[in-house]
> 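My structure is below; once you've seen it, I'll send some questions.
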Number of protein chains: 2
Amino acid sequence: MVIVRDTLVDALVARLRDGVLSGRYPPGAYLPSERELAAEYGVTRTSLKHALSRLAQLGLVETKHGVGTRVLDYLSSGGPELLPMLVVADGPGWLEETFQARREIGALVYARAAERRGAGHCADLRALHEAVAAAQTADDAQLAECEIHRVLAAASGNRVYGFLVNSLLNAYLPVRQLLIAPFRDPGRAAGRLTPLVEAVCAGEAGEAHTAAVRYLAETERLMLSGEDR
Amino acid sequence: MVIVRDTLVDALVARLRDGVLSGRYPPGAYLPSERELAAEYGVTRTSLKHALSRLAQLGLVETKHGVGTRVLDYLSSGGPELLPMLVVADGPGWLEETFQARREIGALVYARAAERRGAGHCADLRALHEAVAAAQTADDAQLAECEIHRVLAAASGNRVYGFLVNSLLNAYLPVRQLLIAPFRDPGRAAGRLTPLVEAVCAGEAGEAHTAAVRYLAETERLMLSGEDR
DNA sequence: CTGGATCAGTGGCTCATCCACTGAGCCATC
DNA sequence: GATGGCTCAGTGGATGAGCCACTGATCCAG
């Protein structure tokens, strides 16, 4: 386990972000001036500006020179990069919707990959599949599992799907412990993955699609119920 | 037309980002130290830090205290928020893949919305549809069209799809001129939208799905060919 | 009523300076 | 020879004072 110490700016971003997500700073409203905020949080204006700059990059606020910093409506203008923080902020609601999107988009990606399968991709997939089965620790299995999704996304022939999968996987990071559960027993994980991986490698598009949907639905049911821990 | 003057930090971000995307700073490599970079670009270290902070938020680099700033592999760790800059950077390739993803995910969203249609959503949709038809300028039509996508995403009952749609729509912003083309003639735009909107409002899920795919495919063909301008 | 000047308040940016962290290398100790 | 602690150079983190540029409201002269 690596000890990670948040930087001051990270902490500031978290505080301000929570203020926005919780509605303390509602959409359309202006934040207090940088000088006021800096005084309120007991930091330099420089540090506060760093934090605001990152909030702006996230699409949570918008800063205009000479005017002020306005809160945006993240629901109507935000992107999936907000998911990780939303999942921890209000939990189950966002998590379930993320799972649903992942399942449906995952099925799309899997079907595409099956259609376009190439020898190289299949080799990667088999190797990763074996890595999951052989993994001694839950962490290893989890990492390998993530890699499988990424390899499939790459095999879909559309890099945009790679980005979407990355975002959806990142949304899980904060609740990683829950996710690891189904992989505590490497044998079971292997058993569950086989049909999907085999189907994709064999190029059976229709069957792969069906298998993918079934696999993802089952996996997520386990994750949400917290069963098998 | 509003005149937007980029801030110094914006320009810095653009320069550094191009350096990363172009491979001048390859994945895994370390950037020069902040002091060196600041000198090279003729700016204060403070400003440079702001820029690096935003690059980090974008997932392009990773900064570690006492060590340095390392370039990440955006293809394997980035999210769809990178699309806008990739589309302008190397154009057609990313644009086509974005269109494909938008078409397939759009169809998913449309089908979902048709399944779960509610009176309120349908009213919104009809109003927007009429706004597109009535729009006097291409800009208006484009904005209303974006709104239709957002309303549909909202009607799908999954806020994550809203985020995904936002990201994909944002990817178009840099090439907005191209996109506006099919809407130069409001009458045609209206004619093209009708079947989809009607189908969703009528709740014919299967037909809506088919119509959505056909509509999106046609629209994007026009966009890519640049025809009808 | 209009157009320009003023002014208070806001964010943009700089500078000089110090602190905290990391990793490499040295060296005495075991 | 291996180990553990030390120093040191180089890196990013943070400060705070200060100045500049922009915006919008207000006021006033025309």
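Letters A, B, ... mirror the listed sequences (proteins, then strands); counts begin at 1. These numbers come from the heavy atoms of this one structure, side chains and all, not from hydrogens, waters or symmetry mates.
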> Does a donor on one side chain and an acceptor on the other come within less than 3.5 Å for A:S76 and A:D73?
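Side-chain D/A pair, A:S76 to A:D73: present.
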> B:H50 NE2 to C:dG11 P: how many Å, rounded?
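The distance from NE2 of B:H50 to P of C:dG11 comes to 13 Å, rounded to the nearest Å.
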> Quick check on DNA chain D: between B:T63 and A:S47, whose nearest nucleotide comes earlier from the 5' end?
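The answer here is B:T63.
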> To the nearest Å, how far apart are A:L8 CG and C:dC21 P?
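Taking atom P of C:dC21 as the reference, CG of A:L8 is at 13 Å.
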> Is a donor-acceptor pair below 3.5 Å formed from side chain B:T46 to base C:dC15, judging by atom type as modelled?
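Indeed, a donor on one side and an acceptor on the other fall under 3.5 Å apart.
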> From CZ of B:R54 over to P of C:dG12, roughly how many Å is that when rounded to an integer?
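Rounded to the whole Å, the gap is 10 Å.
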> Heavy atoms only, 4.0 Å cut-off, all strands: where does B:T44 land among base, sugar-phosphate and nothing?
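Here B:T44 touches the bases of the nucleic acid.
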> Closest-nucleotide mapping onto DNA chain D: is A:R35 or A:T7 further toward the 5' terminus? I mean the 5' end.
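Residue closer to the 5' terminus by nearest nucleotide: A:T7.
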> Taking the nucleotide of DNA chain C with the nearest heavy atom to each, does A:V67 or B:L48 sit closer to the 5' end?
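The residue mapped nearer the 5' terminus is A:V67.
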> Working to the nearest 0.5 angstrom, can you tell me the gap between A:R102 CZ and A:L164 CG?
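A:R102 atom CZ to A:L164 atom CG measures 14.0 Å (nearest 0.5 Å).
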> Rounding to a whole Å, what distance do you find between A:E34:CD and D:dC22:P?
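Taking atom P of D:dC22 as the reference, CD of A:E34 is at 16 Å.
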> Among side-chain atoms of A:Y161 and B:E104, is any donor-acceptor pair under 3.5 angstrom?
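The criterion, which ignores hydrogens and geometry beyond distance, is satisfied for B:E104 and A:Y161.
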> Rounded to whole Å, how long is the line connecting atom CG of A:L52 with atom P of C:dC13?
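Answer to the nearest Å: 14 Å.
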> Would you say C:dC21 has OP1 or OP2 under 4.0 Å from some side-chain N or O of B:K64?
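Negative; the distance criterion is not met.
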> Under the 3.5 angstrom rule, does the side chain of A:N166 hit a backbone N or O of B:G79 as a donor-acceptor pair?
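Answer holds: no.
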> Atom CZ of A:R45 and atom P of C:dT10: how far apart are they, to the nearest Å?
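Going from A:R45 (CZ) to C:dT10 (P), I get 10 Å.
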> Would you say B:H65 stacks on C:dA20, if stacking means ring centres under 5.5 Å apart and planes within less than 30 degrees?
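Stacking is present between C:dA20 and B:H65, given that their ring centres fall under 5.5 Å apart and the planes under 30°.
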> Ring centroids only, cut at 6.0 angstrom: are B:W94 and A:F163 within range, meaning strictly under it?
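Aromatic pair counts; centres sit under 6.0 Å.
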> In whole angstrom, give the distance that lies between atom CD of B:E62 and atom P of D:dG13.
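It is 12 Å, rounded to the nearest whole Å.
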> Could you tell me how far apart A:K49 (NZ) and C:dG11 (P) are, to the nearest whole angstrom?
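Roughly 7 Å, once rounded to whole Å.
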